[in-house]
Protein chains: 2
Amino acid sequence: MEDVGAERRRAAAKKRPRLEDVAARVGVSTASVSLVLRGVAGPSERTRQRVLKAAADLGYQVDRTASLLASRRTRMLGVMVDVHSPFHADLVEYLHSAAEEVGYDLVLSTQTRTRDERTAVETLLAFRSEALILLGPTAPVDTLAALDGKAPVIVVGRRIEEGQLDVVRTADDDGVGQIVDRLVALGHREITYVDGGKGVIATDRRRGYRTAMRRHGLDAHIKVLRGDNTEAAGERAARHLLDAGELPTAVVAFNDQSAIGVLAGLARAGVSVPGEVSVAGYDDDRLSRLSCFDLTTVSQGAEAQARYAVAAAVERLDEGRTEPREVVLAPHLVVRRTIAGPR
Amino acid sequence: MEDVGAERRRAAAKKRPRLEDVAARVGVSTASVSLVLRGVAGPSERTRQRVLKAAADLGYQVDRTASLLASRRTRMLGVMVDVHSPFHADLVEYLHSAAEEVGYDLVLSTQTRTRDERTAVETLLAFRSEALILLGPTAPVDTLAALDGKAPVIVVGRRIEEGQLDVVRTADDDGVGQIVDRLVALGHREITYVDGGKGVIATDRRRGYRTAMRRHGLDAHIKVLRGDNTEAAGERAARHLLDAGELPTAVVAFNDQSAIGVLAGLARAGVSVPGEVSVAGYDDDRLSRLSCFDLTTVSQGAEAQARYAVAAAVERLDEGRTEPREVVLAPHLVVRRTIAGPR
DNA sequence: ACCAGGAATTAAAGCGCTTTAAATTGTCCT
DNA sequence: AGGACAATTTAAAGCGCTTTAATTCCTGGT
């Protein structure tokens with residue numbers, strides 16, 4: 001009993017200082033302190049200085065949960081990312097800067113094996129994000145639209161049918177088309193595509209491949225290998241090609257991770273890239289830029305996407321826009337080492 | 001004027017439901033609803049069901065900021081990570097599971113170019129993290145110790161002198177020693193080390209290299225190349241070696257990222273690994289496992305570290321431990337493709 | 001000396017939830 | 001029927017901050 005009491009007292013003694021403590025020390029009201037600390041105009045210079053000093057002396061640090069609760073606004077944007085994606089990592093960084101510029105803060109929630117999309121989004125909402133920026137969400141449109149009722153939803157990187165939600169994305173089919181065009185220009189005809197699974201993004205890119213192949217009259221060479229968004233899938237695809245014994249002259253993968261898997265699979269079998277086979281990815285993520293891969297890929301303009309996404313959120317939040325808007329950016333080819341003319 | 005009023009009314013109308021709304025709908029008090037929603041024993045089964053139903057109907061979602069504010073506890077652990085480090089990404093994932101198991105939640109804060117360690121930690125504190133788990137912090141001990149006054153600090157992966165703080169780490173010098181031992185056993189004598197900069201971790205690993213070399217009587221071959229924790233540094237080091245024209249038979253790098261840079265630099269110059277030069281890294285991070293690298297490295301046991309870190313936090317928070325404790329795990333060699341006997 | 005008007009300051013009412021102590025209800029004996 | 005006791009339920013007091021409306025304090029002009 002004694003002990004518990006003592007402990008409690010000790011704990012109370014070293015409790016973090018509150019606004020009230022700072023106010024008491026200076027001899028002003030908590031209102032004034034609050035104003036000074038947030039840099040709101042009003043308090044006199046003298047008060048300002050004294051408050052600042054007292055706050056520093058006490059080691060005062062604002063309690064964000066209380067601020068958020070008290071102010072109707074939170075100025076926080078919730079971002080859902082897939083922690084495994086290097087491309088998302090890039091995006092997050094740009095989102096950070098973009099948000100900072102307009103005075104917003106980011107709260108991240110990441111999906112892992114144990115936390116699915118729904119949980120991730122709920123956390124964001126529970127923390128009072130004012131808008132949700134979802135990077136490549138896989139949930140059905142209805143679900144996303146329902147979410148939009150609770151907070152403006154900005155979907156990044158994925159197509160959504162007909163003006164239901166704010167979307168920022170690149171024209172994925174066009175991007176893949178550009179790769180195919182370039183490969184064809186280099187003289188390739190046997191161009192195989194490694195698929196990215198059943199998401200909307202994957203569908204678009206696959207379509208881009210098919211369309212481009214047809215445009216060049218290469219219908220007969222259209223070949224799509226099952227896959228997903230991981231290195232493992234790329235490697236499997238490569239093994240599959242090798243086992244089949246008839247390597248195409250070029251392989252285009254759903255994304256960079258998959259492409260890197262393809263690269264690995266080929267390397268292991270001693271197939272030279274781009275000597276024997278050309279390989280291209282999609283996203284221009286960190287990994288693709290590593291000099292050991294130096295992968296030819298398509299840039300989605302991560303920075304621009306981040307900027308537009310934040311801008312969209314701000315428009316909804318601060319400028320009263322209510323109609324959904326879609327921003328489609330043009331992807332552009334980033335030619336690096338992994339493609340060349342056919343063998 | 002009219003418009004603004006109207007808009008405000010509309011906004012108010014679709015405001016998210018509060019505990020009170022759920023309570024009103026069922027005809028009980030907010031207290032009961034709170035209890036039910038948190039799964040606390042007390043409310044009858046009948047009440048329980050009705051509350052759950054009402055909450056679902058209304059689409060109620062708890063406002064975390066309010067909960068946190070109201071409960072003295074937050075059950076949140078603040079984690080500071082470097083978003084660029086694949087090893088940290090691994091750790092975070094394990095931390096997530098470990099925390100979840102003991103009923104804690106994680107709030108992440110990442111340093112980027114624009115956000116330094118201090119800011120990151122302040123955010124964590126502002127969100128009322130009860131303890132801080134710092135992954136490889138670079139701040140001086142004093143700063144960290146000061147922090148410990150505000151919330152228990154658990155330092156992960158870095159040595160801290162003499163019982164000032166909770167620390168979970170692996171014996172880095174030993175780890176590097178193991179690599180050197182293995183290389184020597186394979187017959188290597190000219191083993192060069194690519195340094196990791198001036199942090200404490202780097203110091204330990206460098207020492208491990210030096211000590212091991214001396215132990216094998218290879219003092220004359222000790223050679224440390226300047227570097228840091230990036231791929232770029234590794235690549236620079238490789239170029240340096242190549243320019244000097246006298247390649248060692250083995251290169252040990254500060255971490256996997258740096259080692260991958262070395263690999264890239266050597267590959268570009270057409271030097272075969274492990275044929276002509278053996279290369280080893282440290283951390284056993286994601287990248288090192290990619291089959292295209294298949295890098296020999298040292299595992300720090302990310303999962304175990306995460307587990308111990310969370311355990312340490314819980315002990316401080318819930319079990320009243322106050323003396324700092326250090327957990328030093330034994331690293332273990334992960335032999336993959338990149339080392340072999342000397343040429 | 002007095003007052004209008006602006007500048008600085010503050011009292012007080014929440015924000016949406018948790019939690020404690022007290023009130024209410026129900027059950028089972030005697 | 002009356003009462004003891006346990007099972008439920010709830011009123012009300014915060015949590016630490018923001019914000020609005022009101023108050024106080026200064027000016028300078030008359």
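Just the heavy atoms: all of them, side chains too, but no hydrogens, waters or symmetry mates, feed the values below. Since the model is a prediction, treat every value here as computed from it, not as a measurement. All chains are named by letter (A, B, ...) in the order of the sequence lines, taking the proteins before the strands, and each is independently numbered beginning at 1.
- Tyr308(B) and Asp166(B) share no side-chain donor-acceptor pair at under 3.5 Å.
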Margin query: Is there a salt bridge (charged side-chain N to carboxylate O under 4.0 Å, His left out) between Arg321(A) and Glu319(A)? Walk through the geometry before answering.
Written below: CA-CA 6 Å; Arg321(A) 175 166 64 76; Glu319(A) 293 158 23; over 6 Å; no
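- When the C1' atom of dG16(D) is taken as reference, atom CG of Leu58(A) falls 15 Å away, rounded to whole Å.
- Rounded to whole Å, the distance from CZ on Arg16(A) to P on dC17(D) is 8 Å.
- Atom pair Arg50(A):CZ and dA8(C):C1' shows a separation of 13 Å (rounding to whole Å applied).
- When only modelled atom types and interatomic distance are considered, Ser44(B) and Arg48(B) share no side-chain donor-acceptor pair under 3.5 Å.
- Using a 4.0 Å heavy-atom criterion, one finds that Ser67(B) contacts the sugar-phosphate atoms exclusively.
- For the pair Asp63(A) CG and dC17(C) C1', the computed distance is 14 Å after rounding to whole Å.
- Remark on DNA chain D: of its neighbouring residues Glu45(B) and Leu69(B), the 5'-side contact belongs to Glu45(B), judged by nearest-heavy-atom nucleotide.
- Mapping Pro17(A) and Gly42(B) onto DNA chain D by nearest heavy atom places Gly42(B) closer to the 5' end of the strand.
- Nucleic acid contact for Arg38(A): base, since at least one base atom lies under 4.0 Å from a heavy atom of the residue.
- Rounded to whole angstrom, the span from the CG atom of Leu19(B) across to the P atom of dA11(D) amounts to 13 Å.
- For Leu35(A) and dT10(C), the CG to P distance is 10 Å, given to the nearest whole Å.
- Rounded to whole Å, atom C1' of dC15(C) lies 17 Å from atom CZ of Phe127(A).
- Counting non-hydrogen atoms under 4.0 angstrom, Thr47(B) reaches the backbone sugars and phosphates but no base.
- In this structure, Arg73(A) places its CZ atom where more than 12 heavy-atom neighbours from other residues, nucleotides or ligands lie under 6.0 Å away.
- Among the heavy atoms of the strands lying under 4.0 Å from Arg128(B) are primed sugar atoms or P, OP1, OP2 only; no base atom is included.
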